[in-house]
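Let me begin by presenting the structure, written as structure tokens, before commenting on it.
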Amino acid sequence: MPEFPTATAAEIKISFAGVEAKAAFDALDLDRDEGHRRAIHFWDGPRRAADGTVTLPLLERGVILRLRRDDEGHAAERDTDLTVKLRPCPALPVPWRQAREGADWEFRIEEDRTGPAFTPVLSASLEAEGGPPELRLVEQQQDLLDAAGLTGADLADLTALGPVRAVKWKQDWDELPGSVAIEEWRTDDGLRFLEVSVRSDLADAAEIQARLEQALRERDITPPSFGETKTLAVMTALARNALA
């Protein structure tokens with residue numbers, strides 16, 4: 001019988017949009033030439049309702065299909081990874097209730113905690129390395145989607161949405177254990193996000209969350225009072241363009 005997986009780790013995120021993203025970028029004195037540049041694409045089956053509203057059927061079911069590819073160097077040598085993410089993660093059968101990995105893929109279960117509310121959301125993701133710059137699921141990703149109740153019809157006629165131009169930095173901050181990840185997303189039509197995140201054991205998540213907020217304030221960055229989900233905002237904008 002399917003059961004919900006149990007997370008033992010958390011990813012704590014604070015996201016800035018628009019002018020707040022620019023202010024945080026400047027306060028952190030970031031240099032895009034020092035970051036890891038990637039192009040990101042998503043897949044979904046966008047539809048436009050009669051009232052003009054854009055819907056994303058996979059995302060509405062908590063399914064994200066994302067491909068990231070290095071945006072520098074010779075095309076044949078660029079690293080590529082394809083991720084299937086379930087957020088919120090549904091109940092799953094064995095063996096999808098614990099983290100595991102293979103030669104070129106990794107299955108991870110954790111809690112996503114995004115500010116300012118930091119409400120825990122169970123997330124499961126299977127990232128596979130390599131592959132062409134297109135949607136081609138590996139066997140384990142297909143099995144995971146089957147376990148989550150998706151059928152071939154759900155994955156038919158999907159549209160590639162992108163690119164999102166991303167730059168990622170890893171920094172060590174004295175106030176926090178491990179690495180601090182900083183990622184900027186920009187789209188051709190002017191959307192801009194900057195996300196600061198850290199990972200921690202689940203037992204320490206509340207403390208690390210507070211320390212991350214304080215570390216930002218010490219860098220003259222005020223955590224936003226309203227959190228906009230960058231994936232939803234960006235995918236909706238890209239889908240609107242694709243349907244134009």
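By convention here, the first residue in the shown sequence is residue 1. Just so it is clear, the structure is predicted and the values come from calculations on it, not from any experiment.
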- Query: To the nearest 0.5 Å, what is the distance between CG (Leu155) and CD (Gln142)?
  - Reply: 6.0 Å

- Task: Decide, yes or no, whether a salt bridge links Arg108 with Glu127 under the criterion of side-chain N to carboxylate O below 4.0 Å.
- Result: no

- Single-linkage hydrophobic cluster Ile182~Ile208, side-chain heavy atoms < 4.5 angstrom: yes

- Task: Give the C-alpha distance, both sets of side-chain angles, the deciding distance and a yes or no for side chain to side chain contact (heavy atoms under 4.5 Å, CB included) between Leu144 and Leu86.
- Result: CA-CA 9 Å; Leu144 176 60; Leu86 306 176; 3.9 Å; yes

- Can a salt bridge be assigned to the pair Glu183 and Lys170 using a cut-off of 4.0 Å between side-chain N and carboxylate O? no

- Message: Please find the pair of heavy atoms, one from Phe4 and one from Ala91, that lie closest to each other, and give the distance.
- Response: CE2-N, 3.4 Å

- Note on the structure: When rounded to the nearest 0.5 Å, the distance separating CH2 of Trp105 from CD of Glu139 is 9.5 Å

- Query: Does a side-chain N-to-carboxylate-O contact under 4.0 Å join Glu175 and Arg219?
  - Reply: yes

- Task: Specify the closest pair of heavy atoms between Leu92 and Pro5, including all atoms of both residues, with the distance to one decimal.
- Result: CD1-CG, 4.0 Å

- Item | Test log, rule side chain to side chain contact (heavy atoms under 4.5 Å, CB included), inputs Gln98 and Phe107 | CA-CA 8 Å; Gln98 60 184 9; Phe107 178 62; over 6 Å; no

- Can you tell me how far CZ of Arg66 sits from CD1 of Ile40, rounded to the nearest 0.5 angstrom? 6.5 Å

- Message: Check for me, please, whether Val198 and Leu202 land in the same ILVMFWY cluster - side-chain distances under 4.5 Å, paths through other members count.
- Response: no

- Set of salt bridge (charged side-chain N to carboxylate O under 4.0 Å, His left out) partners for Lys22, sequence neighbours left out: Asp26

- Message: Salt bridge check, Glu11 against Arg113: does any charged N sit closer than 4.0 Å to a carboxylate O?
- Response: no

- Task: Verify the neighbour count for atom CG of Asp51: are there more than 12 heavy atoms of other residues, nucleotides or ligands below 6.0 Å?
- Result: yes

- Message: Please determine whether a side-chain nitrogen of the Lys or Arg among Arg38 and Asp70 lies less than 4.0 Å from a carboxylate oxygen of the Asp or Glu.
- Response: no

- Under the salt bridge (charged side-chain N to carboxylate O under 4.0 Å, His left out) test, residues paired with Asp154 that sit two or more places apart: Arg61

- Query: Are Leu158 and Val84 joined in one hydrophobic group, where the rule is that I, L, V, M, F, W and Y side chains link up if heavy atoms are under 4.5 Å apart?
  - Reply: yes

- Can any side-chain N or O of Gln141 pair as donor or acceptor with the backbone N or O of Val138 at less than 3.5 Å? yes

- Query: If only atom types and distance count, is the side chain of Asp201 paired as donor or acceptor with the main-chain N or O of Ala203 below 3.5 Å?
  - Reply: no

- Nearest 0.5 Å, what's the CD-CG distance between Gln171 and Leu28? 6.5 Å

- Message: The test is side chain to side chain contact (heavy atoms under 4.5 Å, CB included); show your working for Arg217 and Thr222 and say whether it passes.
- Response: CA-CA 6 Å; Arg217 292 189 181 97; Thr222 302; 5.6 Å; no

- Message: Which heavy atom of Pro223 sits nearest to which heavy atom of Phe16, and what is that distance?
- Response: CA-CE2, 4.2 Å

- Task: Please assess Leu161 against Leu56 for the test side chain to side chain contact (heavy atoms under 4.5 Å, CB included), listing each intermediate value before the final yes or no.
- Result: CA-CA 11 Å; Leu161 305 174; Leu56 294 159; 4.1 Å; yes

- Val196, Phe193: one ILVMFWY side-chain cluster at the under-4.5 Å cut-off? no

- At their closest point, which heavy atom of Met235 faces which heavy atom of Leu59, and how far apart are they? SD-CD2, 4.1 Å

- From Asp174 CG over to Arg211 CZ, what is the distance, rounded to the nearest 0.5 angstrom? 10.5 Å

- Query: Does Leu30 share a hydrophobic cluster with Ile221, counting links as ILVMFWY side-chain heavy atoms below 4.5 Å and allowing steps through other members?
  - Reply: yes

- Message: Measuring from atom CD of Glu129 to atom OG1 of Thr83, what distance do you get when rounded to the nearest 0.5 angstrom?
- Response: 10.0 Å

- Lys/Arg-Asp/Glu bridge criterion (N-O < 4.0 Å) met for Asp112, Arg87: yes

